[in-house]
Number of protein chains: 2
Amino acid sequence: MDRRQQKTRAAIFAAFSTLLAEKNYSKITVQEIIDTANVGRTTFYAHFETKDELLKALCENLFSHIISSALDCTHTHGLYSEKSAPQSVFCHLLQHLQEDEHNILELLSCESSEIFLRYFKDSLNELIQNQFVNQNRKNNIEIPQDFLVNHISSSFVEMVLWWAKGQKKQSPEQLDQYFRAVIEPIL
Amino acid sequence: MDRRQQKTRAAIFAAFSTLLAEKNYSKITVQEIIDTANVGRTTFYAHFETKDELLKALCENLFSHIISSALDCTHTHGLYSEKSAPQSVFCHLLQHLQEDEHNILELLSCESSEIFLRYFKDSLNELIQNQFVNQNRKNNIEIPQDFLVNHISSSFVEMVLWWAKGQKKQSPEQLDQYFRAVIEPIL
DNA sequence: TTTGATAACAAACATTTTGTTCTCTTTTAT
DNA sequence: ATAAAAGAGAACAAAATGTTTGTTATCAAA
């Protein structure tokens with residue numbers, strides 16, 4: 001890929017992230033983005049058809065690493081099922097988030113966080129869904145699997161949001177402990 | 001209040017709801033709203049400063065009844081604490097939602113649902129927070145109260161969303177049973 | 001039932017944003 | 001060195017926003 005393309009793409013992403021941290025997505029104009037990124041109008045539209053496409057691309061950029069690494073983790077350790085697993089997938093995810101290479105947490109606690117949360121949740125949902133195949137519960141009441149999957153993934157995402165909004169006072173390990181405490185009893 | 005004001009207000013709300021069911025909030029223009037509601041441009045801006053204000057007003061309209069009725073419920077029965085309570089607050093809420101006087105569920109499963117979900121969640125959070133005063137847990141691990149409150153309210157809201165997206169196949173009573181199964185073990 | 005006040009309307013307006021279309025210049029890969 | 005690709009800059013139509021102005025319809029109360 002052309003080095004110029006990489007640069008402008010990165011510049012647009014950076015500008016967009018900066019703006020997102022400042023104000024709501026819907027209030028951000030293409031004009032502001034290209035001013036901040038210091039690229040021409042034509043250039044922007046050469047890269048992204050619309051502002052929505054840019055957002056989608058940013059989401060994919062942000063979560064591709066973190067989710068794929070989580071996927072590897074589930075392949076080797078399983079979700080929470082295998083007690084011998086040295087680290088749960090969730091703890092792994094939380095550690096990744098804390099490192100926060102790409103300011104994900106900032107975006108997750110910004111005004112437009114809903115968009116990212118939805119994307120995050122959908123990714124997680126898929127992840128957990130795959131893990132749940134052929135897994136039977138100990139509990140007596142019959143609960144639909146997709147209900148449980150939805151419960152777990154959304155609980156995790158909302159916990160992350162709660163964490164980010166509270167200035168990340170807890171360590172990933174501590175959070176993981178909390179999460180286990182509310183999730184493991186129902187598995 | 002002037003009858004004319006009531007009518008136009010209702011017309012704008014109705015038009016807005018219709019449009020929200022069709023397309024994303026951000027794509028809806030004031031022009032479309034006033035065309036659908038069949039009111040003049042000036043009239044719209046006399047009632048609502050911006051589109052965002054309209055959304056906020058709609059949210060307040062939608063949730064005020066349902067939340068206040070839930071509040072009464074907690075005053076008499078408590079959250080889930082009192083075993084003698086004939087009906088949990090959550091079951092009560094679900095029944096209200098199923099009746100769906102104001103198309104709340106349709107909005108909760110539409111493209112812009114995040115906005116309503118956030119509003120719904122904040123209301124619930126407050127509700128549950130108040131219930132949690134002086135309530136101690138049986139579990140051994142120490143979990144912060146606001147973590148638990150957040151977990152419960154967001155779990156409930158996400159369950160409702162899951163329910164609405166799945167065409168409401170379950171009865172409120174059944175849903176309540178599922179919810180108890182995943183929440184009561186941690187109380 | 002008249003009357004003063006209020007609400008809605010229609011049309012026009014400047015302004016902003018969007019997305020496109022040019023031409024021209026710079027950079028890249030080979 | 002050169003052809004191909006990418007960006008800059010300006011200008012454009014179209015659409016949306018929010019405001020203003022003058023006029024008409026409706027209401028509530030005397």
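Letters go in sequence order (proteins before strands), and every chain restarts at 1.
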Atom-to-atom span, CD1 of B:Ile34 to P of D:dT19 - whole angstrom: 14 Å

Mind calculating the distance between CD1 (B:Ile33) and C1' (D:dG18) to the nearest angstrom? 14 Å

Can you classify the ring geometry of A:Phe120 versus A:Phe63 as parallel (below 30°), tilted (30 to 60°) or perpendicular (above 60°)? parallel

CG of A:Asp2 versus C1' of D:dA4: gap in Å, rounded? 10 Å

Could you tell me the separation between the CD atom of B:Gln31 and the C1' atom of D:dA14, rounded to a whole number of Å? 13 Å

Any A:His151 side-chain heavy atom under 4.5 Å of B:Glu158 side chain: no

Spacing of B:Phe48 atom CZ relative to D:dT17 atom C1', expressed in whole Å: 17 Å

Taken to the nearest whole Å, CD1/B:Ile28 to P/D:dT17 is 11 Å

A:Arg4 near the nucleic acid: base, sugar-phosphate alone, or nothing, with a heavy-atom cut-off under 4.0 Å? base

With a 4.5 Å heavy-atom cut-off, do B:Gln95 and B:Glu173 have their side chains touching? yes

Step-by-step side chain to side chain contact (heavy atoms under 4.5 Å, CB included) determination, A:Val182 to A:Ser155: CA-CA 9 Å; A:Val182 296; A:Ser155 291; 5.8 Å; no

A:Lys51 to A:Tyr25, cation-pi by 6.0 Å centre distance and 45° axis angle: yes

B:Lys56 to B:Tyr119, cation-pi by 6.0 Å centre distance and 45° axis angle: no

Quick one: do A:Phe147 and A:Ile152 satisfy side chain to side chain contact (heavy atoms under 4.5 Å, CB included)? Show the steps, please. CA-CA 9 Å; A:Phe147 176 93; A:Ile152 295 170; over 6 Å; no

Quickly work out the A:His47 NE2 to D:dA8 C1' distance and round it to whole Å. 13 Å

Tell me, please, the opening and closing nucleotides of DNA chain C, 5' to 3', among those with an atom under 4.0 angstrom from a non-hydrogen atom of chain B. C:dT6 to C:dA10

A:Arg3 near the nucleic acid: base, sugar-phosphate alone, or nothing, with a heavy-atom cut-off under 4.0 Å? sugar-phosphate

Between D:dT17, D:dG7, D:dT26, spot the one nearest the side chain of B:Thr29, thanks. D:dT17

Ignoring backbone atoms, establish whether A:Thr43 has a side-chain N or O less than 4.0 Å from OP1 or OP2 of D:dA8. yes

Whole Å only: how far is the CZ atom of B:Arg41 from the P atom of D:dT17? 6 Å

On DNA chain D, does the nearest nucleotide to B:Lys7 precede the nearest nucleotide to B:Thr50 from the 5' side, or the other way round? Give the residue. B:Thr50

